Amino acid sequence: MAISHLYTLFFLFFFSIIKSHVSEQENTPITRFQRYLQFKTTHPNPNYTAPITFLINQSKSLNLTSRTIEFVSNKPVLIITWIGSNPKLPSILLNSHLDSVPAESEKWIYPPFSAHYDSNNGNIYARGAQDDKCIGVQYLEAIRYLKSKGFVPIRTVHVSYVPEEEIGGFDGMCKFANSLEFSELNVGFAMDEGQANLGDEFRVFYADRTPWEVVIRAVGEPGHGAKLYDNGAMENLMKSVEMVSKFRESQFDFVKAGKAANSEVVSVNPVYMKAGTVSSNGDVMMNMQPSEAEVGYDLRLPPMADPDVMKKRIAEEWAPAIRNMTYTIKEKGMLRDHLGRLIMTPANDSNPWWSIFKQAVEATGEKLAKPEILASTTDARYIRALGIPLFGFSPMKNTPILLHDHNEFLKDTVFMKGIEVYESIISALSSYEGVTDQVI
Ligand SMILES: [Zn+2]
């Protein structure tokens with residue numbers, strides 16, 4: 001009995017040595033992904049220092065060069081570079097963002113920064129697993145595989161990591177894209193994040209919609225709650241709300257009839273209303289028709305929408321001055337570039353980058369879904385606005401769309417397949433020697 005007990009102790013002792021040895025040594029694409037997911041990069045206080053140190057170490061292990069630029073203090077942009085054999089050719093840029101939206105830990109099955117690997121189903125749970133730390137790691141892992149095979153790119157490949165995307169990118173990609181440092185990269189084609197697909201194809205995005213924040217205000221004579229009179233602020237605002245609702249319906253009808261995707265129409269949604277006169281005890285005075293009222297809308301315009309037509313509609317129908325109404329429009333992006341062109345990348349064979357990209361994905365046995373406009377907005381818009389072709393793409397198929405959701409996860413096999421897909425894409429794009437670099 002005593003002897004067998006001793007054996008058990010010895011076994012446990014040696015097993016624990018082996019186990020700790022394995023976990024210390026374990027350094028695989030999956031564990032590197034987990035490590036990157038464990039950095040708390042959520043707003044409002046994202047930690048950018050730790051993930052950047054990690055990424056710089058990764059780039060060193062791959063013999064790549066890296067540099068960090070701070071356009072705004074404590075909001076660093078990291079650029080990792082793989083120099084091509086012909087660095088004079090316009091380069092390839094692979095972008096992702098460092099930051100993530102917050103996570104309500106109590107609503108998750110595993111802590112959102114534990115990057116828990118569920119061995120039953122292969123899912124890795126973490127905030128950022130889909131949006132978009134997966135691609136940030138996959139780019140480098142694909143380069144690791146290509147290097148191990150002795151592949152040398154012709155075009156230089158840059159991998160960029162930017163801050164602040166989740167809060168509009170104004171201190172991140174917006175400043176970076178408009179900097180001298182960016183123009184010196186001489187980018188000919190770029191890629192940025194996309195979204196997961198429940199189906200068996202990868203989604204690809206050739207444009208983003210542009211957000212407008214529209215506030216409509218009405219003023220008028222105040223009056224007693226019992227009085228019927230014309231041109232009160234509330235009456236005029238309500239008329240305006242009706243007009244906007246009709247327009248919203250007309251756009252939504254296209255979607256319901258299957259004539260357009262959600263992202264191909266102008267969406268307009270009310271986000272707040274403000275009116276009423278407050279008395280000294282904090283209650284709204286119910287016997288008082290107020291002299292001011294306002295409503296705020298979130299508008300999203302697809303690239304083909306005409307901004308001038310939209311502005312005319314707002315001025316003449318939604319907020320006519322003749323009814324004592326005013327409005328403000330905050331355009332959170334551009335619908336046309338400096339040459340007046342639509343900000344979208346052709347996703348057809350007129351664009352050689354499209355053909356190369358598509359063939360590279362298909363070479364791995366995968367398929368692309370019909371190219372789409374992204375319903376929301378990413379940093380891609382700042383790069384496309386420069387006239388640089390860009391596709392939004394995150395190779396996640398058979399995967400529920402969980403960006404910004406509880407229990408965001410990515411399955412190990414999907415993550416690994418993505419590396420293979422990027423390997424094919426990066427080798428094809430960086431080997432392209434065609435002269436048509438600016439295709440838009
Ligand atoms: Zn994202």
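Everything numeric here is computed off the predicted structure, so don't read it as measured data. Order of appearance sets the numbers: ligands from 1, and atoms from 1 within every ligand.
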Checklist entry - Short check: any N/O/S atom of E193 below 2.8 Å from the Zn ion (ligand 1)? => result yes
Item to check | the Zn ion (ligand 1) reached by D131 (N, O or S, under 2.8 Å) | outcome: yes
Checklist entry - How far does CE of M234 sit from CD of E292, to the nearest 0.5 angstrom? => result 12.5 Å
Checklist entry - Given H97 and D131, is the side-chain hydrogen bond (donor to acceptor under 3.5 Å, both in side chains) satisfied, shown in steps? => result CA-CA 8 Å; H97 57 86; D131 182 15; 3.1 Å; yes
Checklist entry - Do you know which two heavy atoms are closest between V244 and W318, and how far apart they sit? => result CG2-CD2, 3.5 Å
Checklist outcome for this item: Of all N, O or S atoms in H97, the one closest to the Zn ion (ligand 1) is NE2
Checklist entry - Is the backbone N or O of E165 less than 3.5 Å from a side-chain atom of D379, with the two atoms forming a donor-acceptor pair by type? => result no
